[in-house]
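Here the structure comes first, spelled out in structure tokens, and everything after it is commentary.
Each chain gets a letter, A, B and so on, in the order the sequences are listed, and its residues count up from 1.
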Number of protein chains: 2
Amino acid sequence: MTKPPVTSEPRPEAVLSRRDRVREATLTEIKSIARRHLVEHGVAGVSLRAIAREMGMTAPGLYRYVPGIDALLVAITADMFEELADTVAAADASAPPQDTDLRLHSALRALRSWAITHPAEFSVMFGPSTRLDPEADISPALEAARRFASTFFALCDRLLQEKDIPLPADEEIGPELTAELRSFADTVGLSAHVMQTGAALMLTRCWIRIYGVVCMEVFQHLGFAVNDMEPFFEAELQNLMTGLGVRYLPVEHMGRPVTGTAG
Amino acid sequence: MTKPPVTSEPRPEAVLSRRDRVREATLTEIKSIARRHLVEHGVAGVSLRAIAREMGMTAPGLYRYVPGIDALLVAITADMFEELADTVAAADASAPPQDTDLRLHSALRALRSWAITHPAEFSVMFGPSTRLDPEADISPALEAARRFASTFFALCDRLLQEKDIPLPADEEIGPELTAELRSFADTVGLSAHVMQTGAALMLTRCWIRIYGVVCMEVFQHLGFAVNDMEPFFEAELQNLMTGLGVRYLPVEHMGRPVTGTAG
DNA sequence: ACGCTTAAGTGAACACCGTTAGCAAACACT
DNA sequence: AGTGTTTGCTAACGGTGTTCACTTAAGCGT
């Protein structure tokens, strides 16, 4: 870089050379097409050959950008977690910073919203990994999932600080559960407040229930008998909030529903 | 059948001709091998060609028995629901008929037990259907799933008859939820007791939560941070039972754990 | 017991899939 | 201009679901 850039580039595009830029663009295109195929034909419909065909090139050429189909699926899964994290964070940020209750409602409803509008994505993110080789390296997706979870961790942290959440006492939790909760708290790196065993238990319990309703809705397990699962989600949300000592905020009282980055 | 059977056959094998019998045996063999491949290599590892290869025949020959891979997968899914239903029913029956509390504990623990010992099966039964054509006819599996659910419906029915379960009042449920609950109750054909809106809500809420914990465990979503999910399951079970006004029975007090038909 | 009907199974073919190896062209940089 | 790297291609191997035409075998009625 002896010559200064003459072209009117606002940012020097980091330190990426032109080559690296087009390379990155190609990778983005690959992932974008893969994502579309995922949405349109399900995870089974994502294939390197089809992607290459649509890009006007051949399948082996894609191996210059992606080590294989599994890695590509992991990569787009990570992207989707990132997107979901953004959506949830945006919903969280759309509420007044002090109104922790509303922020929590907002974030959880944004999660459900995104899930039901992105069933194919949600399935590969939160369903069983049926397509990937069990020995595939899924760490990129895990990393992104961590960032997604952190929004909720932060909210729970605030909640524990502000309110007097009724937590189960350490004595009544049981040694095995305590051990698992400690392991969990250590691995995900919970903050001091959530580090309490009772708080960690409360957190996982809430997550399990949210996960349950949303999975049930997206995977269509009551689809044959139920048209709209929203009332069930809201019922669960209400029950959850009540158990947390937080007042439940119905949808009507929330103003315009929050729309995330994609919706 | 002019000649009486000389061979020592206890039963006349229904009205099936010899031809139909070997045909049925072949179909059973196909499904059995498919099931094994499912367990050993995941749902993606089930293929007609591999099954045929193992049976010493060619793939097109299988089309005399099964209309395609999708129908085969649906068929074994139905079988698996049948098996799970048997397992749960056996656990239920292993408790004293009058002890509804214990029967419920037993049945739910049997469900989890079967799920974690049969993750591949559980994934195709309760996870998103990623492999099947969305237009595939899954009614056989649905029918079997209904029979699986009926065990729990019966238990809830008993519970509602015996105890004074604290049910949410009709007024506080909300019109949309009421409508969905009615639709649900009608479709699955709940008995008179569970027909009450509050009871149906309680039932679905419980099911959602059980579904949530078990899915979370089988799909390994906390697997990176938690070794054993049993304490979480038991915590959820306890919380659930308490909410139902039923006393929670810890595992230790239950005697030898119940083993189902497979496991 | 013989002939006819029907079912079972095969081989070839088509259209897909992931992946590897070897090669030619384009590009960046000295 | 020459050199080395990057990119993309073709060919090929082994795998998949599925259809079609065909042969073989079994069962059934007379």
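Using a 4.0 Å cut-off between a side-chain N of Lys or Arg and a carboxylate O of Asp or Glu, A:R35 and A:D79 do not qualify as a salt bridge. Ion pairing of A:E234 with A:R112 is absent here, as no side-chain N (NZ or NE/NH1/NH2) approaches a carboxylate O to less than 4.0 Å.
Across the protein-nucleic acid pair, B:I69 atom CD1 and D:dG17 atom C1' stand 8 Å apart, rounded to whole Å. As a whole-Å value, the separation of B:H41 NE2 from D:dG15 P is 13 Å. Taking atom CG of residue A:L62 and atom P of nucleotide D:dT10, one finds them 13 Å apart after rounding to whole Å. As rounded to whole Å, 14 Å separates atom C1' of D:dC28 from atom CG of B:D20. As rounded to whole Å, 10 Å separates atom P of D:dG17 from atom CG of B:L72. Whole-Å rounding puts the A:R21 CZ to C:dC27 P distance at 15 Å. The distance from atom CD of A:E29 to atom P of D:dG8 is 10 Å, rounded to the nearest whole Å. In this structure, B:D70 places its CG atom 10 Å from P of D:dG17, rounding to the nearest Å.
Nucleotides of DNA chain C nearest to B:P60 and B:R23 differ in position, and the one nearer the 5' end is that of B:R23.
Taking only side-chain atoms of A:Y63, from C-beta outward, the nucleotide of D:dG17, C:dG22, C:dT19 with the closest atom is C:dT19. Listed nucleotides D:dT19, C:dA8, D:dC9 differ in distance to A:T58; the shortest reach to its side chain belongs to D:dC9.
Between A:Y211 and B:F219, a ring centre-to-centre spacing not shorter than 6.0 Å is recorded.
With 3.5 Å as the limit, one finds no donor-acceptor pair spanning the side chains of B:W114 and B:E121.
For the OP1/OP2 pair of D:dG17 and a distance below 4.0 Å, the side-chain nitrogens and oxygens of B:R49 include no atom meeting the criterion. Look at A:R53 and you'll find a side-chain N or O under 4.0 angstrom from OP1 or OP2 of C:dC17. In terms of phosphate contacts, B:Y65 brings a side-chain nitrogen or oxygen within less than 4.0 Å of OP1 or OP2 of C:dG9.
The heavy-atom pair separating B:T187 from B:R146 by the smallest distance is O-NH1, 3.6 Å.
Among the atoms of the strands shown, only primed sugar atoms or phosphate atoms (P, OP1, OP2) are found under 4.0 Å from some heavy atom of B:G56. A:A50 comes within 4.0 angstrom of sugar-phosphate atoms only, judged by non-hydrogen atoms across all strands, and of no base.
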